[in-house]
Number of protein chains: 2
Amino acid sequence: MPSSCFAERLGDFVPLSTGERSALLRLEERERTLRRGATLVRENDPAGELFILRSGMMMSYVILPDGSRQILRFIFPGDVIALPALVFSRVPETVGALADSVVCPFDRPLMTQLALEQPRLFAVIVAFDQAERAMLTDRIAALGRTSAKARVASVLLDVRNRLRRLDPTIDNSFILGLTQEEIGDATGLTAVHVNRMLRQLEDEALIRRDSGRVTLLDEGRLGRSANYTDRLAGLDLSWLPPAA
Amino acid sequence: MPSSCFAERLGDFVPLSTGERSALLRLEERERTLRRGATLVRENDPAGELFILRSGMMMSYVILPDGSRQILRFIFPGDVIALPALVFSRVPETVGALADSVVCPFDRPLMTQLALEQPRLFAVIVAFDQAERAMLTDRIAALGRTSAKARVASVLLDVRNRLRRLDPTIDNSFILGLTQEEIGDATGLTAVHVNRMLRQLEDEALIRRDSGRVTLLDEGRLGRSANYTDRLAGLDLSWLPPAA
DNA sequence: CGCACATTTGAGATACGTCAATCGATGTGG
DNA sequence: CCACATCGATTGACGTATCTCAAATGTGCG
């Protein structure tokens, strides 16, 4: 059976039946390639397709009236893209590629069908969405009540943890893949100030940097100062009935 | 048939069958009363029950290590409380009462059962949750990229719109029901600065205030300066199959 | 080899926070 | 019914985290 990156990810958390796996495969029949910088869907576009990210790294963001950008989430392989498009007539967020990426587009009705015919599977998708919701609230707390340094640290930890989930090989050292301006747009800061915060983290021996590669030198202290929680690690799917 | 405030709310968006209404009623068989200031669930409590707010006004929030508080969302009658508890073993947010309130507690398995036996209904609940997700991302954008004045204005608009959905009588004048400290904890500001922003909004003839009552004097200008979107108004549930 | 873009650093401006005091409303015990 | 405590709103003076503007220094890519 061909592999579904979505099924692989869900399978890390709950066992999936053959029927469920093949239902998931139907979501990944097509492919589209995006170069870094490309836009997949634009805010206010009529909602048409949903996507699953197969490889690369993407982000969703909004542009405010004054032209500034707020990045809402980083998107990694196995994530569902534009789930909100399921319930809005116009998509509420722009989605763009942070690195060369491959997505699998599928039509909204396919997800509806899955909701009605594979309720267990749909419940798993909802569970992941809740984990993501928790990440959004963490970000709200970070933006509202933590320092610039903490917010930058939290982005570093977040990206590292998401990358490690895809490649358990990754330890404390990884390629960030974000410009300082992108970090700033995610944390509500200026690129200039992000730079100063990175330098400070480096001066305090919390991280090391060379040419795009970041090494976390004291993860414990970093995590505490950033008030960081890995939400995917806290998921509890034991309430799901066994696979059909 | 007795009324379910949850069914009433969903019924504003999609027609519900008799069977669906009675399934929803099972979620509201019990009641618990809370006084203003009372805590319903506390962050890190083991996840047990979910709730539907029947009357009053509540909030969810987190307390950061330095003792500061970030309010994540305001909760109004008909809202599901602690949905994240469905998928986490420990609840990620504290929920407390902003006004004397009545909630209907129900056990997690009841929601699971609903997910599996009433997929259409569950899809509606997911849709509402997506609307709420959009409100969270709006708040992220507000915290990250808008001025203190805009954030305060956006809270005013948000509360007014939510209240109006419950009582269409409400026009531009309403009882806010929040202290300035609570507004600050929602917007990432200090109570002192919230006060100054309210005064500025008043000086600019955007709002009027007397003793807890707020009147929006220029909703258009207020909405633009706050970059506010009513997410519930943008919901599109036409993709749902007809009621069983 | 040169151009676009990201990073880095400095100097000065500002939005928002902190601290502190006053005032009014509400409630409570004596 | 009053004295007093409490809590929220208000305002002023001052401190500081972060932004803005500007220029220099890399750095990958055609």
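It should be emphasised that the depicted structure is a prediction, and the values quoted were computed from it without experimental measurement. Atoms considered below: every heavy atom in the structure, side chains included; atoms not considered: hydrogens, waters and symmetry mates. Quick note on labels: first sequence line is chain A, next is B, and so on, each numbered from 1.
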For D:dT18, take OP1 and OP2 only and decide whether either is under 4.0 Å from a side-chain N or O of A:Arg151.
-> yes

Presence of A:Arg209 side-chain N/O under 4.0 Å of C:dT8 phosphate oxygens OP1/OP2 | yes

Rounded to the nearest angstrom, tell me the gap between atom [atom1] in [X] and atom [atom2] in [N].
X	N	atom1	atom2	answer
A:Gln180	D:dC19	CD	C1'	16 Å
A:Asn195	C:dA11	CG	P	16 Å
B:His193	D:dA17	NE2	P	16 Å
B:Arg145	C:dC16	CZ	P	13 Å
A:Glu181	D:dT20	CD	P	12 Å
A:Leu198	C:dT8	CG	C1'	11 Å
B:Asp210	D:dA9	CG	P	14 Å
B:Leu143	D:dT18	CG	P	14 Å

On DNA chain D, more 5' by nearest nucleotide between A:Ser147 and A:Val192 is A:Ser147

Would you mind telling me which residue lines up with the more 5' stretch of DNA chain D, B:Arg199 or A:Met197, judged by nearest nucleotide?
-> B:Arg199

Can you tell me how far the OH atom of B:Tyr61 sits from the CD atom of B:Glu43, to the nearest 0.5 Å?
-> 9.5 Å

Could you state the interatomic distance from CG (B:Asp158) to CZ (B:Arg139), rounded to the nearest 0.5 Å?
-> 6.5 Å

Any base atoms under 4.0 Å from [X], or only sugar-phosphate, or nothing? Heavy atoms, all strands.
X	answer
A:Gly212	nothing
A:Ser211	nothing
A:Leu189	sugar-phosphate
A:Gly37	nothing
B:Arg196	base

Taking for A:Glu202 and for B:Thr190 the nucleotide of DNA chain C with the nearest heavy atom, the one nearer the 5' end belongs to A:Glu202

Quiz: residues 197-206 of chain A side-chain donor-acceptor pairs under 3.5 angstrom, not counting sequence neighbours:
from, atom 1, to, atom 2, distance (Å)
A:Glu202, OE1, A:Arg209, NE, 3.3
A:Glu202, OE1, A:Arg209, NH2, 2.9
A:Glu202, OE2, A:Arg209, N, 3.4
A:Glu204, OE1, A:Lys149, NZ, 3.4
A:Glu204, OE2, A:Lys149, NZ, 2.7

Does NZ or CZ of A:Arg162 fall inside the cone over A:Phe76's six-membered ring, less than 6.0 Å from its centre and within 45° of the axis?
-> no

Could you point out which residue of A:Leu176, A:Asn195, A:Leu189 forms a side-chain contact (heavy atoms from CB on, under 4.5 Å) with A:Ile183?
-> A:Leu176

